[in-house]
Structure formats: C-alpha cells, structure tokens
Amino acid sequence: MTAEIEKAALAMMTEDPPSGSNLHSMFFDAFCDGLSSAFFAYDKNDLLLFASRQVLNFFPIQPEFLRSCTRLRDFLGAVFDTGVLCQAGPSKSAANRDGWISQRIASHWRERSETTEHFVDDRRVRIINRRLSSGIGFCILSDVSEMKKREEQWRIDMERVQLTEDILDGLPFPLFVKDQNMVYVAVNRAFCDKYQTAADEVRGRKGIDLFSTDLANRFDESDRHVIETGEMSISRQRQIARDGVQRDIVTRKQRIGKPGRYFLVGTMQDLPKDGSDFDEFALASHIRENSDQSYRRAYVPMAALQAVSRRPAAMETFAPESFSGRKVLVVTADFAAETAALKTLGAYGFEACVVHDENEEAAFLDVASAHGVKIDLVIVDNQLGKRGIELAERQNVAVLSLDGSQLATELTFLIARHFNRNIRGALAGDATQSGPAPEWRRGDVGEERRVQVVVAEDNDINQIVFAQILEGLGYSHAIAASGDDAVRLWQEHRPELILMDITLPGLNGFEAARLIRGAEKGSGSHTPIIGVLTQAFERDRKECADAGMDDVVLKPVSPDIIETVFQKYMRSARKVQSR
C-alpha cells in the first residue's frame, strides 16, 4: 500500500503541474480513500503543495491548514494544538511547543523515516516520511490499529501456546490430541518418551502410521465413538513396557471444541501397584439407549456401584437354579470388569476363564477345540472390537458382546436370558399379556404400602437400575413404561414424586407432565416431577421447566443423586421399612 502511494506521489511531483490541478486532487482523494490512508506533500521551502482531505480524519485541524503554500511549521503547530498525539498536546509552554515542531520538521528532512504514533484515542498510526533529491517531501498516514491489535493478540496467543506446551510437557503422564480425522495434532514429552519418538514424527500422522493395524483400528474405534458422541471414555488395561515390566494403565479420552471443530484429548496414567489412589472407585459403564454397542467408561463411587448392583429378592427368580458345568470364556482387557464377571459367574456355578485380547481368545478356542472341550458361551467386551465375535462364531460357539458395565452389574440377567430362562418376557413386560406387572416393576407394593415414587422409564435395563436403587434406599415405587402409564399411575397412587424420562412411547415425558399439571389445577396439590435427561442440553432443560417439571437429573443416576432429589422435593423424605 505504501509503495503504491509513493509511486503515485512521485509521478505527480515529477510532472509539470497540469492545467487541471483539481484532477490531481480528486485522484489522490479517491486513491487515499481506497487505501484508508492520508497523504500530504511539501516543497524544499517546507510549503505545502497538496494535502488529501483524509488528513482531517487523523488530525482534527481547521481545513485552511491544508491549503497550498501553508507553512509546514504552521501545519505541525495546528496538529500539536489538537493534542491527538500522546507525545504532544496543548501546552502553556511555548518552548515545549516550538521544540516539538522543530523535531518534527527535522524528521521530515530525513531521506527516509518511519514511526508508529500512539494517539490519545488509542489509535495506532503509521507515519512514513520521504524527501526526494529535488527537495520535495511527502508524508503518508495509515491507521494500523487493527493490525497492531492482531499482532498483540498473536503475541499473547503465542505466549499462551508456549505456556500450554510447557505445562503439558511438565506432566508426568503421556497426553495426546487428535483432530476429527484421527490425526495427531499434539503430543507431550511424556508421550514421546513412552513411545521413544519425537513430537515431529507423530504430529500430522494417524495411528495406522505408528502402531500395528489391529491396535490402530482398535484405538480409532474408541476415539471415533468419543468424537461422535461426546461421551468420555475411561478404560483400564495392562501393558508391557519396553523394559518388560507389566503396568496397569488408565486411559482417559474426552471431546473438546465446538461443532465442526472437535478434538480428542487422551491421557494415560500408570495405576499404583497398591491401587491406593483408586480405592474409592470402581470401573463401570453406561449404555446409551439409542445405540446397541456404544459405551462410556467412567469412574463412579464404589458405594454407588454397590447399591446399584444389589438385586431385589424378587430378581432371584429370574436367575437359573444352577449353571454347574457350563463353560464360559470372558474376553476383556478391563480388570475391574474381569473381576466382577468372574465373581458373578462363580457364584452361579459356571466354569469361567478370562483372556485379555483376541489373540489369546483365538489360541484358547483352538486348544479347547483340539481337546474336545465344549465352550458354551464366549462373552466379549465390546471395547475390543468385532474380531472377538468373529472368532467365536467361526468355531460355532455362542457369543455375547457386552459393555463393561454389563459385565460388572447385569451379567446375571443377560446370562439367564441367553440360556432361555424366559427373562426377556419378564423384563420387557409383554404388552399383549394381561395380568399383574413383574414384582420388581411394582416394587413390592401392597395395599397397606402406598407408592411413594413413580418412575417413568421405557428402557428395560434402566428400569432395573431404578428398581435396584429405590429398593436399596427403601422407597416404595411403581415403574411406568410409557407416558400414558405414568399419568395412569399418578392418578391411581398420587405418589410423592415422579421421575420422568423425557423420551417415552405414547405420551412423551413433556406431554405427560403437562397432563398431570393440568389435572392438578384447582386441586391445591402439586406432585414434584423430576425430568431425567440423557444429556445436559439447555433446550431440554427449558422444555422440562415449560412442561411444569420441578427439576432435572442426568443419567446415569446413582443412589446419592436420587436421595438428594428426594430430600429436596418429597413431602416426607423418609424411608419405608420393608414388611
């Protein structure tokens, strides 16, 4: 931009003044407008030859100071008097004013000079002076405030980036960042040390470039699930380090960023050998209702997991009397799930064994087949991928693909269903059959024991979880599998509180809540309704409030969450003793 103005100025100054000098003025005004700059020129006697009208945008002086033949000293004196420059301003001292003007005139006599002035209105203006050999000089003024702001922001951003890199490199555990295309965009020093590589060799590459095909595909499957769903993944594995030492590793992955620009952040931490840092936690998972094999690993309080995993006595009727002699192979790298699965299988008489990956599974099945040992069922942790399922099917062995939480808390029901104990009909509550609902769904409610809580939930597994929690806490309850049932149970029992899932068949949770609120009008009664949401979307929270709900909780629920809600909203907030 400056070069263009210089060329135009030189062309004008070296030409003989044409008869239409106004044409030059119009040309320069238009030119300066287009470049958002101002321009003025002066001769060897320091008399103004030309000044574009844009000069007034920079210096609020009287227009007469821009006329031809105005002394440069008078022009600069007018600029000083405006006080727009931080270094200049109205002064009672004539010496100060004269000194500033003299310094400026001296700068205009230099062959080349360039400065950036800070104006009092926080503008930054670049001032470029040139003096030709003929004695003619000119000055170009450009507002560079935005450019300076961008430079300052860039500097601040670079400092933040450097600080972030220093922090990440200071972490004692490996950390990596991937973009939506599963390309590594950042790794810290601990990651590089772990895999004996350099950051430049990792950034810009995919897992397939760094690991074996099988391992890279397994990582990508888990990573894509986190990127696509936003669900945090926490898994526990045993790895053999380069020094040959086996270590238990916890890998955490989560999504950050905004739609269209998501990133995956992953960390890997060694578990202490005594497990002291994790005594209060156990590994569990949450099955999303709208996905058949999606998962989310999460650490939850052990007390909550124990309360959820306690089965009501009525559920014992769903478990087979004995599985003695049946052989089950569990394939999982999750040691918490492994421990829970072996405990459950052993309690029901299974002969169970665990392997930790597909290679071990293939070897185990081959040996069993060679010795004529019949495997009744293979249970594959779905975090390991599909190959484990294919290996079992190839040898005509029945296979279940389960999530870690099912291995830890729901294995009894799933095993019973697999071995044709008719649990599916009991859990689903076949709508075509008449007769009473299953005992666990009714919550063991008799005539003399009123329903305190109605749970509106259509998912079978979530119904069981709610039933277990409420039984464990000692609250009587009834479960509705649809919005219509929720309204009916409210009319029949007038409970103290309703837990309302918003995605229900028939009437959804919002519609059911509106019907209940409409029926309550004029009665003076108000039943607290708590919306149960899968994700914390503000639009869902708002719609819950608009439908008349009192509060919301997020899945997965825990005994602590439920008890907190009850203490806040139930009239009695008391537990009913079992009969």
Side-chain angles (χ1 to χ4, degrees), residues 214-215 217-223 225-226 231-240 246-253 268 271 275 278 281-288 291-300 302 305 309 323 326-348 350-368 375-395 397-415 417-418 461:
D214 181 59
L215 189 61
N217 289 339
R218 187 183 303 171
F219 286 165
D220 280 355
E221 182 180 357
S222 170
D223 295 347
H225 180 83
V226 175
E231 293 184 346
M232 185 177 182
S233 170
I234 305 181
S235 60
R236 179 176 175 180
Q237 298 175 319
R238 174 163 294 173
Q239 295 183 355
I240 300 178
Q246 290 189 357
R247 293 184 176 88
D248 287 347
I249 304 294
V250 172
T251 302
R252 295 175 174 83
K253 300 173 185 176
M268 293 172 280
L271 284 177
F278 293 85
F281 298 91
L283 199 58
S285 305
H286 171 58
I287 307 298
R288 293 183 61 192
S291 178
D292 54 349
Q293 285 191 354
S294 60
Y295 62 90
R296 179 176 70 183
R297 302 286 184 187
Y299 280 104
V300 298
M302 176 65 83
L305 181 59
S309 63
F323 290 118
R326 294 186 184 271
K327 297 177 176 60
V328 175
L329 175 65
V330 178
V331 186
T332 181
D334 185 331
F335 287 92
E338 170 189 334
T339 302
L342 288 178
K343 183 177 180 180
T344 299
L345 293 171
Y348 289 99
F350 284 103
E351 294 181 16
C353 186
V354 174
V355 294
H356 301 113
D357 57 41
E358 293 95 333
N359 294 331
E360 291 183 9
E361 176 192 359
F364 188 98
L365 292 176
D366 287 342
V367 171
I375 305 299
D376 295 285
L377 180 66
V378 173
I379 300 174
V380 178
D381 188 333
N382 64 11
Q383 186 170 329
L384 294 178
K386 298 180 180 179
R387 182 167 173 255
I389 301 173
E390 295 170 352
L391 289 171
E393 291 176 342
R394 194 177 302 163
Q395 298 202 21
V397 178
V399 60
L400 290 177
S401 178
L402 307 181
D403 182 85
S405 102
Q406 292 173 301
L407 287 170
T409 62
E410 299 155 16
L411 192 57
T412 299
F413 304 99
L414 298 170
I415 287 285
R417 180 168 61 183
H418 173 75
I461 300 302

Walk me through whether Arg387 and Glu361 qualify under side chain to side chain contact (heavy atoms under 4.5 Å, CB included). CA-CA 10 Å; Arg387 182 167 173 255; Glu361 176 192 359; over 6 Å; no

How long is the straight-line distance from SG of Cys353 back to CG of Leu342, given to the nearest 0.5 Å? 8.0 Å

Any donor and acceptor pair, going by atom type alone, linking the side chain of Asp376 with main-chain N or O of Val328 inside 3.5 Å? no

Closest heavy-atom contact between Glu358 and Leu391? O-CD1, 3.4 Å

Testing Val354, Val355, Asp357 one by one against Val331 for a side-chain contact (heavy atoms from CB on, under 4.5 Å), which residue passes? Val355

Evaluate Val399 against Glu393 for side chain to side chain contact (heavy atoms under 4.5 Å, CB included), listing each step before the verdict. CA-CA 7 Å; Val399 60; Glu393 291 176 342; 3.9 Å; yes

Please list, chain by chain and in numerical order, all residues satisfying side chain to side chain donor-acceptor pair (under 3.5 Å) with Asn217, sequence neighbours excluded. none

Which atom of Ile375 lies closest to which atom of Leu365, heavy atoms considered: CG1-CD2, 4.3 Å

Closest non-hydrogen atom pair, Lys253 against Ser222: NZ-OG, 3.3 Å

